[in-house]
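Structure, as structure tokens:
Everything quoted here is computed from the prediction, not taken from an experiment. Lettering follows sequence order; numbering is per chain, from 1.
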Number of protein chains: 2
Amino acid sequence: MARSYRDITDAELAVMQVLWERGESSIRQICHVLYPGGGPSQYATVQKLLERLEAKDFVYRDRTQQVHLFRPALGREELIGRRLRSLAEQLCGGSLTPLLTHLVKTKALTPQERAELRALIEQSENTPRRRGSKG
Amino acid sequence: MARSYRDITDAELAVMQVLWERGESSIRQICHVLYPGGGPSQYATVQKLLERLEAKDFVYRDRTQQVHLFRPALGREELIGRRLRSLAEQLCGGSLTPLLTHLVKTKALTPQERAELRALIEQSENTPRRRGSKG
DNA sequence: GACAAGTAAGACAAATTGTCTTAGGGTGGT
DNA sequence: ACCACCCTAAGACAATTTGTCTTACTTGTC
């Protein structure tokens, strides 16, 4: 089993972005977005990227039709979470708290954002902590 | 001018962690931490990593003494900020807000953390928004 | 049965990354 | 003076990654 833990690369991410926007798509359709007016070379590039994404379990491939269809196996939010966790792993001893703190301290908040944040914190108050989730 | 924008790699990060903990250090001192009982090869590795870190402006090198001394040119917090921004750039159209939201929504907060967060939000209320900082 | 479009497989160079070797310089002890 | 030692400087090296492209084969359609 290939190491599925490897991250999404830049070119692969571009493909994912198209899938997130368009939903299930064929290679051809993705090509039209990424390389408008592109030829067979660009088509093959996208094909290869999707092959790698599938190997890493980041997209599902529907082979039932003649023309294969691809759809994301993880959403943008999940990827964000994954990257945040990886960042925390490397720089914060695995804890997400320093990231949260950093953002609140650093980022200039609009009054609206402040209100939304407060609301979210309220909300999380009612949500019981999930077992095993660590700080 | 070498592209100084390139990020810190894993091995380089290990060196940075030592510098953040110990402060200004010589190659030898870093070696003792990273490769206890290591030989000349390991020494050379650390040497090369520091050379690359210097080229990328992530450490300062004090050449006034016989034995050069190195100290971090950016702190852990700064690196965190840099990576968060890069993440936002790639996945959130440059805005840090989705990261903040994601963390608050996802992460299970202890009552204490909730309190601290609220305090930080309060605090940021008094701090005027910095010019040019974007959402 | 030939063509168009698709899939499958892999070649390829460039860049990155971690590691190691070698050469040379200055210092101190004897 | 000489030697041993520790340091810096420079670069060799293989493994891996990454984006791109070529080629060969398959299949449905007119």
(message) Go nucleotide by nucleotide along DNA chain D from the 5' end; which of Gln42(A) and Gln66(A) gets its closest nucleotide reached first?
(response) Gln42(A)
(request) Ignoring hydrogens and angles, state whether a donor on the side chain of Gln112(A) or Glu116(A) is under 3.5 Å from an acceptor on the partner side chain. (result) yes
(message) Do the side chains of Arg114(A) and Glu125(B) get close enough for a salt bridge, i.e. N-O under 4.0 angstrom?
(response) yes
(request) Would you indicate, yes or no, if dA15(C) has its OP1 or OP2 atom less than 4.0 angstrom from a side-chain nitrogen or oxygen of Arg6(B)? (result) no
(request) Respond yes when some side-chain nitrogen or oxygen of Tyr43(B) is under 4.0 Å from OP1 or OP2 of dC20(C), and no when none is. (result) no
(request) Could you tell me whether the side chain of Glu78(A) and the main chain of Gly75(A) form a donor-acceptor pair under 3.5 Å? (result) yes
(request) Give a yes/no answer on whether the side chain of Arg61(B) brings an N or O atom under 4.0 Å of OP1 or OP2 in dA9(D). (result) yes
(message) Quick check: on DNA chain C, is the nucleotide nearest Arg52(B) upstream (toward 5') of the one nearest Ser41(B), or the reverse? Name the residue that is more 5'.
(response) Arg52(B)
(request) Calculate the interatomic distance between Lys56(A) atom NZ and dT16(D) atom C1'; express it in whole Å. (result) 13 Å
(request) For Glu12(B) and dT19(C), give me the distance from atom CD to atom P, rounded to whole Å. (result) 11 Å
(request) Could you work out which one of dA9(D), dT20(D), dT18(D) sits closest to the side chain of Thr9(A)? (result) dT18(D)
(request) Provide, to the nearest angstrom, the distance between the CG atom belonging to Asp10(B) and the P atom belonging to dT17(D). (result) 12 Å
(request) Could you check if a side-chain atom of Met16(B) sits within less than 4.5 angstrom of a side-chain atom of Arg76(B), using non-hydrogen atoms only? (result) no
(message) Can you tell me whether the side chain of Lys48(B) and the base of dG18(C) have a donor-acceptor pair closer than 3.5 Å?
(response) no
(message) Tell me the interatomic distance from Leu69(A), atom CG, to dG6(C), atom C1', rounded to whole angstroms.
(response) 12 Å
(request) May I have the distance from Leu50(A) (atom CG) to dG6(C) (atom C1'), rounded to whole angstrom? (result) 13 Å
(message) I need the minimum non-hydrogen distance between Leu74(B) and Arg82(B), along with the two atoms involved.
(response) CD1-NE, 3.9 Å
(message) So, under a plain 3.5 Å distance rule, would you say the side chain of Glu51(B) forms a donor-acceptor pair with the base of dA9(D)?
(response) no
(message) Just the rounded figure in Å: distance from C1' of dA5(C) to CD1 of Ile27(A).
(response) 11 Å
(message) From C-beta outward on Val67(A), which listed nucleotide comes closest to its side chain: dG6(C), dT18(D), dA8(C)?
(response) dG6(C)
(request) Return the value, rounded to whole Å, for the distance between atom NE2 of His68(B) and atom P of dT27(C). (result) 12 Å
(message) Between Ala44(B) and Arg28(B), which residue's closest nucleotide on DNA chain D lies nearer the 5′ terminus?
(response) Arg28(B)
(message) If I take atom CD in residue Gln29(A) and atom C1' in nucleotide dA5(C), what distance separates them, rounded to the nearest angstrom?
(response) 14 Å
(request) Assess whether one donor atom and one acceptor atom, taken from the side chain of Gln47(B) and the base of dA9(D), lie less than 3.5 Å apart. (result) yes
